[in-house]
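First the structure, in the form of structure tokens, and then the observations on it.
Atoms within a ligand are numbered from 1 in the order they appear, just like the ligands themselves. Numbers here are sequence positions counted from 1.
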Amino acid sequence: MAHETNTFARHLTDYDDFAESGILRGDQIVRDYAESHATMAGFLDAGRLSGVDVIPLLFTFTDPKGTITRDAFERICVEMLQLLRDQGPWDGVLLAQHGAAVSEDYPDMDGEVAARVRALIGPNVPIGMAPDMHANLSARMIDNVDVTVVYRTNPHLDPRPRALECADLIVRTVRGEIRPVQALEMPPVVINIVKQFTGEEPMRGIVTDIEAVIQPAGMLSASVAEGYPYADVAEMGMAFLAISDGDAIAAREAARWMARRAWDKRADFTADTPSADEALAAALAAPRGPVVLMDVGDNIGGGSPADSTVLLEAAKRLGVRSYLQTLRDPDAVSTCIVAGIGATVSLEVGGKTDDLHGRPVAVTGTVRRISNGEIEELTHIYGCFQIFDGRLTVVLEATDDHTLVLTTRLIGKTSIQLMYSVGVRPETKHVVVAKGVVSPRPAYEPIAAQVVLVNTPGVTTSDLSRFTYRRRRRPLYPFEQDAEY
Ligand SMILES: [Zn+2]
């Protein structure tokens with residue numbers, strides 16, 4: 001039951017959200033995931049190891065949004081446990097939790113799932129988990145799981161091999177070949193979302209440390225979780241984990257070594273990013289485009305509504321032309337479809353979900369294209385899914401040389417195919433807005449003259465001082481500059 005929960009987002013994540021995204025059982029999981037690059041694909045790959053049968057039970061994932069309702073958690077978790085009970089006994093269990101889920105009753109929902117599974121199957125059946133790199137790992141998760149292997153790339157290009165690594169360690173544990181011992185270190189530190197790209201420092205060096213840690217014989221695996229700062233929970237922050245074959249002290253020392261080295265770089269974990277006006281002014285002056293602006297405050301992958309108009313409003317005010325962005329606005333999509341292709345419409349777009357992401361902006365334009373929003377992405381990049389149903393999508397060629405791709409669903413961050421599928425070529429634009437921070441990079445870096453992270457307001461803003469945290473640890477760097485480790 002995979003979810004990245006933004007506890008600052010106003011709308012709760014309910015059962016219907018999971019149901020609409022798909023609550024998959026048995027072979028449905030194979031159908032949708034076996035050929036993907038997702039965690040579940042790596043778990044299914046374990047079925048290719050000799051003598052191993054993998055039985056998929058239940059999997060559901062829905063886009064990041066607000067806290068998960070009690071009803072959604074209990075219905076799905078109870079069904080999951082029922083399947084586990086009815087179809088057992090098992091030699092091992094694999095959990096495809098994201099690691100940053102929060103429900104109304106359980107701030108550490110993934111820890112609760114792990115604890116319930118452990119209670120059901122008993123202490124002797126090994127459990128593996130392969131969380132997202134944005135997981136807020138907790139002691140409760142780790143205590144109830146034997147093997148935890150976190151992705152090592154952000155943007156996430158390696159969920160499948162990491163999940164297979166996790167499954168393989170569980171298989172070897174079942175066969176008595178290894179005895180994994182995990183150690184978790186949670187230094188009191190948060191790395192800002194704008195510094196989480198593993199292709200650059202400081203994360204590149206921190207991930208490289210994993211390679212050093214796993215060199216000695218007897219070290220089975222090591223991981224770094226960057227954490228997810230938009231979940232207000234006690235375990236929010238970075239975590240370092242090492243797994244040794246039977247040597248608790250070695251695991252502890254390895255985790256501490258990684259954590260200490262990262263802690264020493266903490267001054268590099270925050271950055272000043274330009275405001276919308278500053279970024280657009282710089283883009284105007286740029287000799288060539290596309291200048292790809294990352295709308296950090298409206299990061300679809302982080303739980304935002306995808307309808308922020310902050311950059312659009314500034315672009316109109318500053319006279320930025322050759323400008324392209326997406327907005328999730330089902331009402332505007334309907335209006336355009338009713339008007340029909342070729343019609344000129346005047347309407348308000350975006351800024352409708354709440355008052356945190358700008359106001360609706362009045363635009364006039366020509367309806368250029370209407371699409372059913374089906375996108376096929378054959379590379380790794382699109383969040384590890386291959387086919388995505390974006391539902392009704394419209395291209396509006398607005399005045400000021402602004403191209404708006406209006407969508408029905410939360411889409412439009414990581415696959416450039418969204419643009420191509422509706423006849424828009426971002427390469428030809430001077431300014432392109434991507435609603436994300438890191439995940440759009442693989443799609444947009446190949447065509448971008450430059451990529452600029454923008455400090456826009458919203459539920460995923462990089463300015464964490466805008467949020468009121470109630471459950472996080474104190475002290476925690478950088479909120480408390482004098483935090484010690
Ligand atoms: Zn992630």
Item to check | Among the N, O or S atoms of D132, the one nearest the Zn ion (ligand 1) | outcome: OD1
Checklist entry - Is any N, O or S atom of H156 under 2.8 Å away from the Zn ion (ligand 1)? => result yes
Checklist entry - Can you tell if the side chain of V432 reaches within under 4.5 Å of the side chain of Y323, non-hydrogen atoms only? => result no
Checklist entry - For the residue pair F467 and Y230, does the interplanar ring angle fall in the parallel (under 30°), tilted (30 to 60°) or perpendicular (over 60°) class? => result perpendicular
Next on the checklist: A side-chain contact here means heavy atoms from C-beta on lying under 4.5 Å apart; do P155 and P442 qualify?
Outcome noted: yes
Checklist outcome for this item: The atom name of the N, O or S atom in H134 nearest to the Zn ion (ligand 1) is ND1
Checklist entry - Do R140 and E112 meet the salt-bridge criterion of a basic N to acidic O distance under 4.0 Å? => result yes
